Amino acid sequence: MSAKRRKPIMVIGLGRFGGAVSRTLERMGHEVLAVDIDPALVQEFAGELTKVVEADATDTTTLEQLGAKDFDAAVVGIGTNIEASVLIVLALSDLGLTNIWAKATNEKHARILERTGAAHVVFPEQRMGERVAHLINEKLLDFIAFGDEFAIARLIAPEPLLGLPLVTSQCRKKYDVTVVGVKREGENFIHAVPDTIIFPGDELVVSGRIHDLEAFSAM
């Protein structure tokens, strides 16, 4: 599907999380209807998004008038006002939306959101905190976790791999990680194959379980 034909998405709450989601979706080619009760935020985003509306999204009638049930997905970016976020998710669910994404501040909040109709619950602050901790304490250039166990990391090639083809260093067998790709200074990213030789300064994209990546990066 081309970017111009991507389905419209409703985003409720234009704080840091909702604002970032809205801008990214718009850039990807989605039509975005953003809703916020704060007139200052509505004015800030008015020139960037497809449509921005000042409204109280906790009211089912308001959401119905905005055509919420016709959207492919909705994102509830409100986290600090737990009551409001729960009421909005419930209202969207009552209108028949099934693809609802909601921001949660803690596990209890997340459970309530799930029970009231949120199909996907995210913890942006928690995830960012984990990511920063790994970047500070490990020799990582970037780190993205998927669930509780698996992650992808970017790091400078550890010394034990230097000068060897991947088939010889046996990363998967020795360290339980998989080298997905290699970025060499001044060259384009390449996908790693068994005969790829690792040189000093190479950046590696590596996947595996989080604790294995931590150990691998610390070598």
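Nothing here was measured: the structure is a model prediction, and the numbers come from that model.
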| Okay, side chain of S93, backbone of V89: is any donor-acceptor separation there less than 3.5 Å? |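 Side chain of S93 to backbone of V89: no pair is present.
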Work out which heavy atom in [X] is nearest to a heavy atom in [Y]; give both atom names and the distance.
X	Y	result
V179	A192	O-CB, 3.4 Å
L113	K103	CD1-O, 3.5 Å
H30	T50	O-OG1, 4.1 Å
V32	S22	CG2-O, 3.9 Å
L140	L155	CD2-CB, 4.0 Å
I152	S207	CG1-CB, 4.0 Å

Would you say [X] and [Y] make side-chain contact, with heavy atoms under 4.5 Å?
X	Y	answer
Y175	L161	yes
D36	F45	no
E48	R23	yes
L63	M10	yes
I197	P165	yes
L49	L14	yes
P158	L204	yes
H109	S85	yes

[atom1] of [X] to [atom2] of [Y]: how many Å apart, nearest 0.5 Å?
X	Y	atom1	atom2	result
I9	N99	CD1	CG	8.0 Å
K174	F216	NZ	CZ	11.0 Å
D94	T116	CG	OG1	9.5 Å
E203	L141	CD	CG	5.0 Å

| task | List in chain and number order the residues that pass ring-ring contact (aromatic ring centres under 6.0 Å, His included) with F17, two or more places apart in sequence or in another chain; answer none if no residue qualifies. | result |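 Result, ring-ring contact (aromatic ring centres under 6.0 Å, His included) vs F17: none returned.
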